[in-house]
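Everything on this sheet refers to the single structure shown next.
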Amino acid sequence: MDKNLVKETIARRVALEMNDGDLVNLGIGLPTLVANFIPKDINITLQSENGFVGLGPAPLKGEEDKDLVNAGSQPVTILPGGAFFDSLTSFAIIRGGHLDATVLGALQVDEKGNLANWMIPGKMVPGMGGAMDLVTGAKRVIVAMVHTAKGAHKILKECNLPLTAAGKVDLIITEMGVMKVTNKGLLLTELNPEFTVEDIKKATDAELIISYDLKEMRTS
Amino acid sequence: MDKNLVKETIARRVALEMNDGDLVNLGIGLPTLVANFIPKDINITLQSENGFVGLGPAPLKGEEDKDLVNAGSQPVTILPGGAFFDSLTSFAIIRGGHLDATVLGALQVDEKGNLANWMIPGKMVPGMGGAMDLVTGAKRVIVAMVHTAKGAHKILKECNLPLTAAGKVDLIITEMGVMKVTNKGLLLTELNPEFTVEDIKKATDAELIISYDLKEMRTS
Amino acid sequence: MNKVIDIEKFSNKIKDGMTIMIGGFLGNGTPETLIDAIVEKGVKNLTIIANDTAFVDKGIGKLIVNKQVKKVITSHIGTNKETGRQLNAGELEVVLVPQGTLAEQVRAGGAGLGGILTPTGLGTIVEENKQKIVVDGKEYLLETPIRADVALIAGSKVDKSGNAYHTKSTRNFNPLMATAADLVVVEAEKVVEIGEIDPDVVMTLGIFVDFVVRGETNG
Amino acid sequence: MNKVIDIEKFSNKIKDGMTIMIGGFLGNGTPETLIDAIVEKGVKNLTIIANDTAFVDKGIGKLIVNKQVKKVITSHIGTNKETGRQLNAGELEVVLVPQGTLAEQVRAGGAGLGGILTPTGLGTIVEENKQKIVVDGKEYLLETPIRADVALIAGSKVDKSGNAYHTKSTRNFNPLMATAADLVVVEAEKVVEIGEIDPDVVMTLGIFVDFVVRGETNG
């Protein structure tokens, strides 16, 4: 699959997980794209952990405001009904269970719902930023990522990178399919028709339980 | 002494403890009077624990604002440079050591600096309100009160009412004199010339150490 | 999303035995219209969490006088003689909490904290049955989170999505309580359109608020 | 009280080895003029407490690039490659803290709390060497207060007594940090007279602020 199509496929599918009225935090990168595909009849409010709710689309060129950026330092806008606040309030929202969902990328995720997305020891140590709080506090944690890292497994029996949080992931959405974290392991509920069950099993280190009711992966 | 003169004597003497630039919380009742006697060359800022700094004098009759009251529910004003906030911030100021002084009344105070001012078991239980936080957090705790309760001792060897805080009082100011809480006990540093050392000793259950440098109690 | 409902719809949501947080400080910044509706409905055995019990004829005091409250968690009852009378008569349970601790407990309940460590109350009866923890050589009391079924708050200006502005000294516990209950209702002195409150100065976030009710005097 | 000082007077207060909190989020709401003065002065062995280390040419990043920092306590260093390089080369100590925990720790430092209990970091390396406390059957990490010698914050509009208004997304850590340091300096994009900021909307209280410095671009 084309790289942009991969991203769009994932973002489109994540968008279908949103419910009307949800308050959601979308991580930097791929998760940000989800905002573009929210169904027309669904209204969600986006939170930006640097300090506001009501995150709107990027401003038109020339209309950027240096004092209004998202958590990735990109110029953005705020929608009517939005509000700004300090970092303390921002993480009271996040940790306090007020977010209906958070969507993040991952370096690794495993069948127990463990997530690793903040460091590769000795190599890359960006830091956890707000990710540990987001994953700990949000009502639903959705991992949105490309299924493998150039062929290397990212969905594992057990993460071997330092964890972001233990047992907090609810759902994994990749370009290959949709996997639910259950207490029996990862349940494949939807498969992208571009791939076979064998393909996705091969691309996954964790055991995949194939749903009796396996469906075609939706994108709208 | 006349009741009003007693109060004014105490309030005037407390006012002399204020330093330029101090942030101060004055309790309801007698301590509130202190604001009237601050020396002209001293600027202090008053905090009101219900949620603001910059507490000003009572408004003129007819100019009361129902949304602007002090912690005793009386109409007040706010001075230029003042600011309103919520109860969380109010007690972050109080507990966090940002108050230079707090002035409170007492039912009992003792030679170890213990204070009791929030309940008489089985009789009167108003509650501690903000007093426990004020006494715990302020840099200086000044007890301002009439020396006895109609002759009954209030300055004791040891409080027998439930404490507001243990060992936090720095200074006791009454109409009879000024007593400093030291680790050797209560040091009488100033005596109102209306009274003799014998008078104040008789009116005090705690042992009074008389300062070698005992001065006349100042009121301006 | 328009969250404005009428007082009857609000009244239907309040049931016997509920735990209810109520904003305000001696009645300043208290949702009087919502309280009046609860008085009128007459639900019983409420647990009330509030800074104080106000006065016999104002704010939370009215619920006490009407004997609808079985327990109150508060910092001060001295301005309402009926609270003291019911306490002494064994008709009402009163849990007294230092005001700053109450604010922290409500915030902890709303912010997902397991508690906070405070020096307030050390060496007093407030420390009874509480865990003491030493940090950096200093002793603190562990105070645990408080949440409620319902939080009732008052806003001076409230947009239809629940964003509230609390003017002057009316803010007090209102923004905190809005974070710490399953159902949050704000009484608006004045209701405005979404977008009318500058996003910089929203004090209680609409995302915490379920319903907005117009106050009786204005709105 | 007029707290406005010039940049030289500010610069004189900053010494080798100080612990300095700096407001801002990836450079947004960061006091650039104050940072530039520290870069120019060249003091060494600083400990910096900040949300992130921004970029090599912006905000806190400039102090890192100039090798003035021996230790940084922060939630994110990914946008500044030099921080990572110095970390890997053993030239810089980096303590990574979850962002929400960092906010709580700074607040605890300013609010007189001995710490807070958070679930964030449980089951990760963040829990190493930390006390775990069970409340109501749930496990939490005890996170302790953070304070600094100096806090440097940025305000969009600041009155001469230090009351500050932070517009839009520039607020972030600024109001918290102002509570948690022995010396607090606010850089003002615009200085206004005392009384010009509505007391309802002051975001950082002047009572916490020692000095105000005009930013270079405005004020």
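Every chain is numbered from 1 and lettered A, B, ... according to where its sequence line falls, protein lines coming before strand lines. Computed from a predicted model, the values in this text were never measured in an experiment.
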Please check if atom NZ in D:K44 has more than 12 non-hydrogen atoms from other residues, nucleotides or ligands closer than 6.0 Å.
yes

Give, as side chain, backbone, both or neither, the part of B:T136 having an atom under 4.5 angstrom from any heavy atom of chain D.
neither

Pair D:T179, B:H98 - check side chain to side chain contact (heavy atoms under 4.5 Å, CB included), show working.
CA-CA 8 Å; D:T179 68; B:H98 304 284; 4.2 Å; yes

For D:G112, is there any backbone N or O sitting under 3.5 Å from a side-chain donor or acceptor partner on B:R95?
no

Got more than 12 heavy atoms from elsewhere within 6.0 Å of NZ, B:K180?
no

Return the minimal non-hydrogen interatomic distance between D:V202 and B:G82, and the atom names on each side.
CG2-O, 4.4 Å

Rounded to the nearest 0.5 Å, what separation is found between the CG atom of D:D200 and the CG atom of B:D67?
9.5 Å

Partners passing ring pair (Phe, Tyr, Trp, His ring centres under 6.0 Å) against B:F52 (at least two apart in sequence or in another chain):
B:F84

Which bit of D:N163 comes within less than 4.5 Å of chain B, counting heavy atoms only: side chain, backbone, both or neither?
side chain

Does NZ in D:K9 sit with more than 12 non-hydrogen atoms of other residues, nucleotides or ligands closer than 6.0 Å?
no

Applying a criterion of heavy atom separation less than 4.5 Å, what residues of residues 17-39 of chain B form contacts with chain D?
B:L23

Among the listed options D:G206, D:G162, D:G110, the residue most often paired with chain B at heavy-atom distances under 4.5 Å:
D:G110

Does atom CG of D:D136 have more than 12 heavy-atom neighbours, drawn from other residues, nucleotides or ligands, at distances under 6.0 Å?
no

Top of D:V201, D:D159, D:L113 for chain B proximity - count of heavy-atom pairs under 4.5 angstrom
D:L113

Please check if atom CD in D:E139 has more than 12 non-hydrogen atoms from other residues, nucleotides or ligands closer than 6.0 Å.
yes

Most chain D-contacting option - heavy-atom pairs closer than 4.5 Å, from B:L88, B:V53, B:T45:
B:L88

Any chance NZ of B:K7 has more than 12 other-residue heavy atoms, nucleotides or ligands included, within less than 6.0 Å?
no

